[in-house]
A.B. asks: 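Take this structure first; my questions come after.
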Amino acid sequence: MKRKTFRHVGSLVSAALLVGSLAACSSTESGKTSTSAPGTTGTKATAAAKNDTPVTIEWAGYNINDVAPDANSEIIQEVSKRFNAKFNVWTADSQKYSEVFNVRMASGEIPDILRLKGFELSKLVDSGVAAEIPVETIKQKAPNYYKLIMDNDTSGSAFRSSMYKGKNYGLSAFQLDGTYPTSLVWRTDWLKNVGITKIPETLAEFEDAIYKFTNNDPDKNGKKDTYGLSSTAMQTVLGAFGPIPTDVIKGTTPYSNLWYTVKDNKVTMDAIQPEMKEGLKLLAKWYKDGVIDPEFVTGENKGGYWATSHAFINNRIGVTGNVMYYHWTPPLTEGDKGGAVYQEFIKVKPDAKYDETWSLGKAIKGPDGKAYGANIWGYNNETLVITKNAAKDPRKLDTILKMLDTLVTDKDYYMLANYGVKDKDYVINADGSVASKLKNPTETAQRGVSTFGMYTNNPDVVKQIFKAKYAVADKVKGTGTPPSYLPSVEASGKFTADLQKLTTENYIKIITGEQSIDSFDEYVKKARAAGANEIEKQYTEVIK
Amino acid sequence: MTDQRKKKKRTFEDIFVDTIVYTTLILLSVLTIIPFMQVVTVSMSPTEVVSSYGFHLIPLKFDWDGYRKILAYQQIWIGYQNTIIRVILGILVSMTFMILAAYPLSKKNLVHRKFWTIFMVFTMFFSGGLIPTYLIVKGVGLYNSVWALVLPVAINTFTMLIIRNYFMSLPEEIQESARIDGANEFIILTRIILPISIPILATVGLWTMVYHWNEWFNAMIYLKDSKKAVLQLVLRKIMFEGSEPQAVEAANTIYANTDTMKMAALMVSLIPLLVVYPFLQKYFVKGVMIGSLKG
């Protein structure tokens, strides 16, 4: 009920925002944006003349928190000095910041740089908040950043989520971890107890393992109280047949996101692809045979940190998925407490040891050799939007781009922006790893740590700092579905909620045997009529 | 006589009705108590209990780590302080305004009384919406101050009408006799009406208090400064930290509050209301009953 109310508030707000800002933004401003590129030589001179007066930037670029950084913090001071800029960092409840920002923007306050997550790009553009920033300009003013994005763009999706009607409105992000697909986590002691020595890699081996997990009493307690898998490992099972339809199949709201694949410049909705019928058939069989935890419908996580699988840590299932390697890494260096899920696991099972008790595994290979984990965050999914205010003032835009470029070129600056001041905010261990000294998000925000991170990793630095972690990760790195992050379109806003519900309901009913496998075709028809066709069409148009 | 009464009590119908009433009430209380017990238990249990399956109704193992962490969390105390200030201001402002609005409206000789009543009732069904309200709050300079949480919601029309109805139910004669003794309207209101309206005032006061204690949305919209954040906003933050995938938690420190901590935070914010409620309970029943009479 509450969620619904918020959604209404949200749409009302955005509608009002649209009207409000259309009135506020005159046509001359949008004209100015396009002329700013050729006029740079002229403005450069004036910029140099008043160079000593710092430019003020309204910053909603990254890590929106409800706490503003302390103006006296070394990080803010140093960044200000370095770029000759003053920063007004926008604050809001991190879960609801798009609502707060919508209200503020509707009343005429607009930041210079804005995190896109939670907003619809089309609305920001149509209402005149977002301003065009040609990729050419980015290439010119932030060449190192541009190169990094392009070098790592294996799926051709760079700048895609910031594109609207053929124009670019934002800055893509690069995350090193986004190049790692989600892992499977196996109970290696269970595998051993049922006589399997190798971590399963193919669908056949996987099937063998989960049946034995269910029937051969892997925990040796004499009771038949174990299952093979629950909801999260289904992702990689379906991925073995091709696309991954959604992040997790569970019946409790909020429903999971639907995923899309971009192939040959065409966007398709993964959940309605024919391959999924094969995958569901297999899952339905497994369910009938009792190797899938019947509680999968309510999900594996029963509260706490989202990636924790309570079914797994409570000895209910033997394999779980949809987690990143770093959720599960044991303490590898001094001061490292281990991954967030590991910490929960070790409290329930204090004698657990990596490799002996549990281990990370790759996505499993299907009949055609396909094997997909999910790059759940991708490496350029997040977008920072440049607004009309920043585009109007070449000094602002230059500063923002320079900050981004510095992040990927200057290691010291990267450390400062993301981890703070050495020995005060973090310490460097003997092996070169970094241990943060900050206790909670509030303290982090007050210090201004990662306020200027801009979502982009400096891969060299990150790999060096977390050497031990990446060593573990590289060993188990599997194949992932290429990220398909797309700018939101009108149809996605309109139909997605219903489609999510329809998909989840049908998938669950098919898996649990309440509906026949053949009802999948019926579901596809329904989904197409309920907006899937329209979404696919609009997405395809938008990325052209 | 006593025999007769006993006999009467024993009729099948009585037993039948009693059974239904008591069963329903017991079920309702159980439904209310179980989730609460779960919160209480989780708040004081170690992780292995919390993350095991099933209900946790009675704490068997104890671990006060959640409370220790929450009580050391400075933001909770900032929130507490701000909420208490807000509640006190809210009650004072709301009660004053609502009484001052309800009293004239309860007078039959008020000119255009019907018009004014309908005029106010109108606002119950139609409001300007979020953005106009935000613009006004900002325009009059309330933004980022506690007044933004208190003034725009000063009068709850429905509650005000309940007070009005209560005032209308009071015998006109008392007021008339006071008037003959030379009292003006203000003295009648403060010396006669208010003292005999304590049940309704206590009830409405409690409503206002609970509203201000629980409300977080307007604090989120209107307050910029985290030093002004109210308790429920802090609580929200504690509850949601680490509850959904964040794009960049990668390899960095992940902040995830344990369920024990979350439930401890809930308990900490619940206790004051639990303490206040029983003291107002006696007025509560009386106040709502009488205030709801149509007049």
A.B. asks: How close do A:D66 and B:S226 get, heavy atom to heavy atom, and via which atoms?
C.D. replies: O-CB, 3.2 Å
A.B. asks: Between chain A and each of B:K224, B:M220, B:K227, count heavy-atom pairs under 4.5 Å; write down the option with the most.
C.D. replies: B:M220
A.B. asks: To the nearest 0.5 Å, what is the distance between CG on B:L130 and OG on A:S107?
C.D. replies: 10.5 Å
A.B. asks: Given side chain to side chain contact (heavy atoms under 4.5 Å, CB included), test A:R104 with B:K138 step by step and report yes or no.
C.D. replies: CA-CA 10 Å; A:R104 285 184 73 178; B:K138 218 173 159 206; over 6 Å; no
A.B. asks: Any residues in residues 66-75 of chain B near chain A, with a heavy-atom distance under 4.5 Å, and which are they?
C.D. replies: B:Y73, B:Q75
A.B. asks: Who pairs with B:F119 by side-chain contact (heavy atoms from CB on, under 4.5 Å), at least two apart in sequence or on another chain?
C.D. replies: B:F115, B:W116
A.B. asks: Tell me whether A:D93 is salt-bridged to B:R236, with the criterion being a basic N under 4.0 Å from an acidic carboxylate O.
C.D. replies: yes
A.B. asks: Could you tell me which non-hydrogen atom of A:K347 sits nearest to which non-hydrogen atom of B:T258, and how far apart they are?
C.D. replies: NZ-CG2, 4.3 Å
A.B. asks: Is chain B contacted by the side chain of A:A311, its backbone, both, or neither, given a heavy-atom distance below 4.5 Å?
C.D. replies: both
A.B. asks: Looking at B:D259 and A:K302, what are the two nearest heavy atoms and their distance?
C.D. replies: OD2-O, 4.0 Å
A.B. asks: What part of A:T444 lies closer than 4.5 angstrom to a heavy atom of chain B: side chain, backbone, both or neither?
C.D. replies: side chain
A.B. asks: Should B:W216 and A:K96 be marked as a side chain to side chain contact (heavy atoms under 4.5 Å, CB included) after you check the CA-CA gap, both sets of side-chain angles, and the distance that decides it?
C.D. replies: CA-CA 12 Å; B:W216 58 274; A:K96 294 257 173 239; 4.1 Å; yes
A.B. asks: Within a radius of less than 6.0 Å around CD1 of B:I58, do more than 12 heavy atoms belonging to other residues, nucleotides or ligands occur?
C.D. replies: no
A.B. asks: Atom CZ in A:F101, atom CD1 in B:I221: separation rounded to 0.5 Å?
C.D. replies: 11.0 Å
A.B. asks: For each of A:A68, A:P350, A:P441, tally heavy-atom pairs with chain B at distances under 4.5 Å, and name the one with the top tally.
C.D. replies: A:P441
A.B. asks: Would you say that more than 12 heavy atoms from the other residues, nucleotides or ligands in this model lie under 6.0 Å from the CD of A:Q464, or not?
C.D. replies: no
A.B. asks: Could you tell me which portion of A:E295 (side chain, backbone, both or neither) has an atom closer than 4.5 angstrom to a non-hydrogen atom of chain B?
C.D. replies: side chain
A.B. asks: Taking side chain as everything from C-beta outward and backbone as N, CA, C, O, which of these in A:E109 sits under 4.5 Å from a heavy atom of chain B? Side chain, backbone, both or neither.
C.D. replies: side chain
A.B. asks: Taking every heavy-atom pair that is under 4.5 Å apart, which of A:N314, A:V348, A:T308 has the most such pairs with chain B?
C.D. replies: A:N314
A.B. asks: Considering only heavy atoms and a distance below 4.5 Å, find which of A:Q446, A:K349, A:R316 pairs most often with chain B.
C.D. replies: A:R316
A.B. asks: Output the distance between atom CG (A:N315) and atom OG (B:S52), rounded to the nearest 0.5 Å.
C.D. replies: 11.0 Å
